[in-house]
Amino acid sequence: MAERTGLGQEEISWLDGGLRIEQANKMVENVIGTFQIPLGIATNFLIDGRDVLVPMATEEPSVIAAASNGARMARGCGGFSTSSTGPLMRGQIQATGVEDPFGAKQEILMHKRELIKSANEVDPMLVKLGGGVNDVEVHIIESRLGPMVVIHLIVDCRDAMGANAVNTMAEALAPRIEELTCGKVYLRIISNLADKRLARAKATFKSEDIGGHEVMDGIIQAAALAEVDSYRAATHNKGIMNGVTAVVLATGNDTRAVEAGAHAYAAVGGRYKSLTSYEKNRNGDLVGTIELPIAIGLVGGATRVHPVAKANVKILGVKSADELGRIIASVGLAQNFAALRALVSEGIQRGHMSLHSRNIAMQAGASCDLVDIIAARMAAERRISVDRAIELMKELEKEEN
Ligand code: MEV
């Protein structure tokens with residue numbers, strides 16, 4: 001990995017619990033320690049013609065194996081191809097008690113240039129990098145307290161996630177918005193429904209690479225249910241987020257922002273639905289696609305501070321937040337494809353439990369050198385439980401003595 005990614009000795013040493021308590025103490029409040037979870041590399045990802053090693057931070061067994069497996073099956077048709085809308089985020093300013101919401105809307109739109117200029121003055125660095133506010137929208141929202149005028153600043157955040165930039169701009173404009181609307185402004189904050197920061201990925205799978213036509217039909221059936229049934233869609237999307245969140249976390253980004261955005265986007269049409277779709281193309285191959293908001297950054301936040309996140313960004317070899325977002329979308333698609341494939345064929349439990357059996361052996365108190373032996377035995381017997389692990393542990397300890 002060092003050869004492929006150019007990671008130095010020091011960076012490699014960071015990977016094992018590289019966040020020191022002094023650093024953690026500067027990141028959040030009331031620090032008493034650091035909390036580690038496993039970090040693995042998902043392999044086989046060919047994205048826009050480039051082989052990418054994908055660091056994933058997750059506590060869930062079989063997620064990294066499944067993503068790698070899904071990515072391997074996509075390679076036959078060239079891997080993942082991606083696109084995006086660009087790094088635009090929305091900031092919301094809520095004006096209440098406005099007597100003439102439509103008049104206020106016109107007033108704001110008439111002063112659009114002035115508002116954009118004032119907002120951009122707050123963050124000259126972002127403007128210098130080619131970003132900044134590039135539009136203002138006015139939404140009149142009917143609420144149970146009457147109409148509210150909600151102004152949206154559309155901000156190009158470049159390589160930042162953007163929350164700080166957008167929130168500062170929204171706060172700076174609030175007094176002027178009160179003047180223009182004759183209303184009272186309360187909220188001045190980013191929207192996590194980042195519908196102008198979408199990442200998309202597409203992969204094509206040949207039936208012979210994925211276990212045959214029946215598996216393909218099963219995946220299409222499963223996807224069709226997730227399009228119309230919110231109970232299934234929630235689990236379907238949870239599987240996508242297994243991959244998405246693991247990469248977002250590994251790169252020091254805000255997992256909650258991406259999760260909130262993904263789920264809100266899934267419900268944007270009025271009913272919660274799946275974020276992926278599957279269909280057959282003219283050649284009879286399976287085409288999987290995903291589209292979701294990915295609000296992440298490469299500058300600011302923990303990405304530039306957390307040593308493991310820094311090493312992970314280097315492993316990914318990404319040059320922009322946009323590129324990272326498209327990789328994350330590809331991982332979400334691979335993760336979802338692998339889950340659906342397992343679900344419609346052998347079921348999820350066999351693979352999952354044989355990997356989970358190591359956790360069970362650890363729960364039973366097995367020492368590190370016995371964990372793999374006990375896990376392998378339980379998987380072979382198909383009896384995976386803490387009780388069985390304890391029995392095997394006792395047997396093995398007796399044999400050793
Ligand atoms: C488990 O973490 C994720 C799955 O439930 C996803 C799915 O059902 O599609 C397997």
Side-chain angles (χ1 to χ4, degrees), residues 1 15-17 36-45 53-76 205-219 221-222 232 235-236 238-243 245-247 250 286 331-401:
M1 214 176 70
L15 291 175
D16 183 13
Q36 294 184 30
I37 57 169
L39 173 71
I41 291 283
T43 54
N44 303 323
F45 275 90
L53 293 173
V54 184
M56 298 177 76
T58 180
E59 87 303 338
E60 185 171 331
S62 78
V63 162
I64 300 169
S68 307
N69 207 14
R72 182 174 54 76
M73 291 180 193
R75 288 183 82 91
F205 305 87
K206 293 207 164 300
S207 80
E208 60 268 29
D209 291 340
I210 66 172
H213 288 290
E214 222 175 288
V215 173
M216 190 181 283
D217 292 341
I219 291 173
Q221 291 282 346
R232 176 55 206 154
T235 322
H236 180 106
K238 190 274 182 185
I240 294 172
M241 300 313 283
N242 276 345
T245 300
V247 188
L286 181 69
V331 176
L333 178 59
Q335 199 76 58
N336 176 239
F337 165 78
L340 295 186
R341 183 180 166 273
L343 285 167
V344 303
S345 50
E346 65 184 27
I348 208 84
Q349 282 310 86
R350 207 172 93 198
H352 181 76
M353 284 312 277
S354 58
L355 292 170
H356 187 57
S357 59
R358 289 191 294 202
N359 270 352
I360 302 276
M362 281 197 283
Q363 274 176 48
S367 57
C368 276
D369 43 336
L370 289 188
V371 165
D372 279 341
I373 304 171
I374 294 173
R377 281 225 200 149
M378 289 194 298
E381 297 171 357
R382 302 222 183 157
R383 279 180 67 197
I384 301 169
S385 69
V386 174
D387 289 344
R388 182 63 187 141
I390 292 172
E391 275 171 26
L392 288 169
M393 203 164 72
K394 285 190 183 141
E395 277 173 30
L396 286 163
E397 278 166 2
K398 227 191 253 164
E399 277 170 28
E400 260 180 31
N401 295 331

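Residue numbers run from 1 in the order of the sequence given.
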Which residues pass the salt bridge (Lys or Arg N to Asp or Glu O under 4.0 Å) test with [X], sequence neighbours left out?
X    : value
R75  : D51
D372 : none
E381 : R388

For this session: Evaluate whether atom CD of E395 has more than 12 neighbouring non-hydrogen atoms of other residues, nucleotides or ligands under 6.0 angstrom away.
Result: yes
For this session: Count the heavy atoms of every other residue, nucleotide or ligand shown that sit under 6.0 Å from CG of D369, and state whether that count exceeds 12.
Result: yes
To the nearest 0.5 Å, what is the distance between [atom1] on [X] and [atom2] on [Y]?
X    : Y    : atom1 : atom2 : result
I210 : F337 : CD1   : CZ    : 4.5 Å
R377 : L370 : CZ    : CG    : 10.0 Å
L396 : M393 : CG    : CE    : 9.5 Å
S367 : I374 : OG    : CD1   : 7.0 Å
Q335 : L340 : CD    : CG    : 11.0 Å

For this session: Among residues two or more places apart or on two chains, list those pairs meeting side-chain hydrogen bond (donor to acceptor under 3.5 Å, both in side chains) that have a residue in residues 63-74.
Result: N69-R72
Problem set entry | Pairs involving residues 206-215, ordered by first then second residue, that meet salt bridge (charged side-chain N to carboxylate O under 4.0 Å, His left out) (sequence neighbours left out) | K206-D285
For this session: Name all pairs fulfilling the ring pair (Phe, Tyr, Trp, His ring centres under 6.0 Å) condition that reach into residues 356-401, sequence neighbours left out, sorted by first residue then second.
Result: H352-H356
Exercise. Should L286 and S207 count as side-chain neighbours, where that means a heavy-atom distance under 4.5 Å?
Worked result: no
